[in-house]
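First listed ligand is number 1; within each ligand, the first listed atom is number 1. Position 1 is the first residue of the sequence, and the numbers go up from there. These numbers were taken from a predicted model, which means no experiment stands behind them.
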Amino acid sequence: MKIFIDTADIKEIRRAARAGLIDGVTTNPSLLAKVVGDANLADYMKEITDAVEGPVSLEVLATDSEGMLAQGRDLAALADNVVIKVPLTEEGLVATRRLRAEGIGVNVTLCFSASQALLAAKAGATFISPFVGRLDDISHEGMEIIAQIREIYDNYGFDTEILVASIRHPLHFVDSALLGADIATIPPAVLWRLVQHPLTDRGVEAFLRDAEKARIEIPSAQEAEA
Ligand code: E4P
């Protein structure tokens, strides 16, 4: 399963890229609004697209298909790895077909049902983003639609990739992998929690303590040869 980072924070994106943890980035207008400040938006977006090799989702603000198409073309011109995020509305599906016909990648976002996901795949979406956390928030089992979408896409051989979004905790990540999702997009706070385990930390401390007590040091290559 691929991992995308779900943030527009360039420091977090660079940190995760340095650690070799991420295959791409997803942003949305709310995430950009948190970090962009007075910076030029196009420059800021370019910094993000330069920071990773994989796809970077940038979302349109227009709500009509013509507007989405125009904004999508502008965003796609920023860098080769830009994927256009459009909402799963009637207009969004029209824009998806047209952007795809122009060879531009599309991430259909704000998906909350398997039927919506089927329509996005038929429109040729590159990625479908079902929001599991927001479904959990309204007492629907978010992960259920991931299982349904996986089965439907496999039934018909759709190549639209399932990009699990609105991930809130490590179990969402594990369940995404168990259900065969293609990608999980993970906010930085959750991503770093995936790396950590208290037993790992305790184990490292104990090994270092024991080595220090016994005055063990790793021999250099020259010492090992002598
Ligand atoms: C990513 O593509 C989505 O915009 C994001 O995961 C939404 O997450 P949220 O529901 O925590 O805002």
Side-chain angles (χ1 to χ4, degrees), residues 1-10 12-13 16-17 21-36 41 44-45 48-49 51-52 54-63 68 71-72 75-76 78-79 81-89 92-93 95-96 99 104-114 116-117 120-121 123 125-146 149 160-177 179 181-194:
M1 185 174 68
K2 285 177 275 188
I3 298 177
F4 289 178
I5 193 166
D6 194 21
T7 185
D9 183 333
I10 189 69
E12 294 286 6
I13 293 167
L21 289 179
I22 52 167
D23 305 291
V25 178
T26 51
T27 69
N28 63 36
S30 308
L31 292 171
L32 274 163
K34 278 189 207 166
V35 292
V36 76
L41 187 56
Y44 194 90
M45 287 171 164
I48 297 177
T49 57
V52 291
V56 173
S57 292
L58 301 175
E59 190 158 344
V60 296
L61 293 173
T63 53
M68 290 178 192
Q71 291 180 355
L75 290 169
L78 286 174
N81 56 343
V82 169
V83 168
I84 306 306
K85 236 177 162 187
V86 305
L88 210 161
T89 57
L93 292 174
T96 299
L99 287 164
I104 296 173
V106 178
N107 175 357
V108 179
T109 189
L110 290 164
C111 169
F112 294 96
S113 72
Q116 285 183 312
T126 315
F127 303 113
I128 182 70
S129 287
F131 277 36
V132 294
R134 292 194 197 186
L135 279 169
D136 289 353
D137 290 345
I138 57 159
S139 304
H140 282 257
E141 182 57 68
M143 295 311 300
E144 259 175 27
I145 68 161
I146 304 303
I149 298 168
T160 300
E161 293 189 66
I162 303 172
L163 197 179
V164 182
S166 190
I167 282 186
R168 301 275 163 79
H169 50 70
L171 275 182
H172 277 151
F173 172 73
V174 174
D175 287 341
S176 300
L179 291 170
D182 299 287
I183 309 152
T185 189
I186 307 185
V190 178
L191 184 65
W192 301 119
R193 259 192 277 156
L194 296 181

Requested in this report: Could you tell me the residue and atom name of the protein heavy atom closest to atom 8 (O) of ligand 1, and the distance to it rounded to 0.1 Å?
Outcome: Ser166 CA, 3.5 Å
Report task. Provide the number and element of each atom of ligand 1 under 4.0 Å from a heavy atom of Lys85. Result -> 1 (C), 2 (O), 3 (C), 4 (O)
Requested in this report: Say whether Thr109 and ligand 1 are in contact under the criterion: heavy-atom distance to a ligand atom below 4.0 Å.
Outcome: no
Query raised in the report: If we only count N/O pairs under 3.5 Å, is Thr27 in contact with ligand 1?
Result: no
Query raised in the report: Under the 3.5 angstrom rule, does the side chain of Glu161 hit a backbone N or O of Ile183 as a donor-acceptor pair?
Result: no
Report task. Starting from atom 7 (C) of ligand 1, find the nearest protein heavy-atom neighbour and note its residue, name and distance. Result -> Phe131 CE2, 3.6 Å
Query raised in the report: So Arg168 and Arg134, side chain to side chain contact (heavy atoms under 4.5 Å, CB included) or not? Walk me through it.
Result: CA-CA 9 Å; Arg168 301 275 163 79; Arg134 292 194 197 186; 3.5 Å; yes
Requested in this report: Work out which heavy atom in Ile167 is nearest to a heavy atom in Ile186; give both atom names and the distance.
Outcome: CD1-CG1, 4.4 Å
Requested in this report: State whether the shortest distance between N or O atoms of Thr185 and N or O atoms of ligand 1 falls below 3.5 angstrom.
Outcome: no
Query raised in the report: For ligand 1, is there an atom lying under 4.0 Å from some heavy atom of Arg168?
Result: yes
**Report entry** Main-chain N/O of Ala181 paired to Ser176 side chain as donor or acceptor, under 3.5 Å
**Finding:** no
Query - Trace of the side chain to side chain contact (heavy atoms under 4.5 Å, CB included) decision for Phe173 with Leu194 - result: CA-CA 9 Å; Phe173 172 73; Leu194 296 181; 3.7 Å; yes
Requested in this report: Let me see the working for Thr26 and Asn28 under side chain to side chain contact (heavy atoms under 4.5 Å, CB included), right down to the final yes or no.
Outcome: CA-CA 7 Å; Thr26 51; Asn28 63 36; over 6 Å; no
Query raised in the report: Does Asn28, backbone or side chain, put an N or O under 3.5 Å from an N or O of ligand 1?
Result: yes
Requested in this report: With heavy atoms of Arg134 as the reference, note each atom of ligand 1 found under 4.0 Å away.
Outcome: 7 (C), 9 (P), 10 (O), 12 (O)
Requested in this report: Any chance you could lay out the side chain to side chain contact (heavy atoms under 4.5 Å, CB included) test for Glu12 and Leu191, step after step, and finish with the verdict?
Outcome: CA-CA 10 Å; Glu12 294 286 6; Leu191 184 65; over 6 Å; no
Query raised in the report: Backbone or side chain, does any N or O of Asp6 fall under 3.5 Å from an N or O of ligand 1?
Result: yes
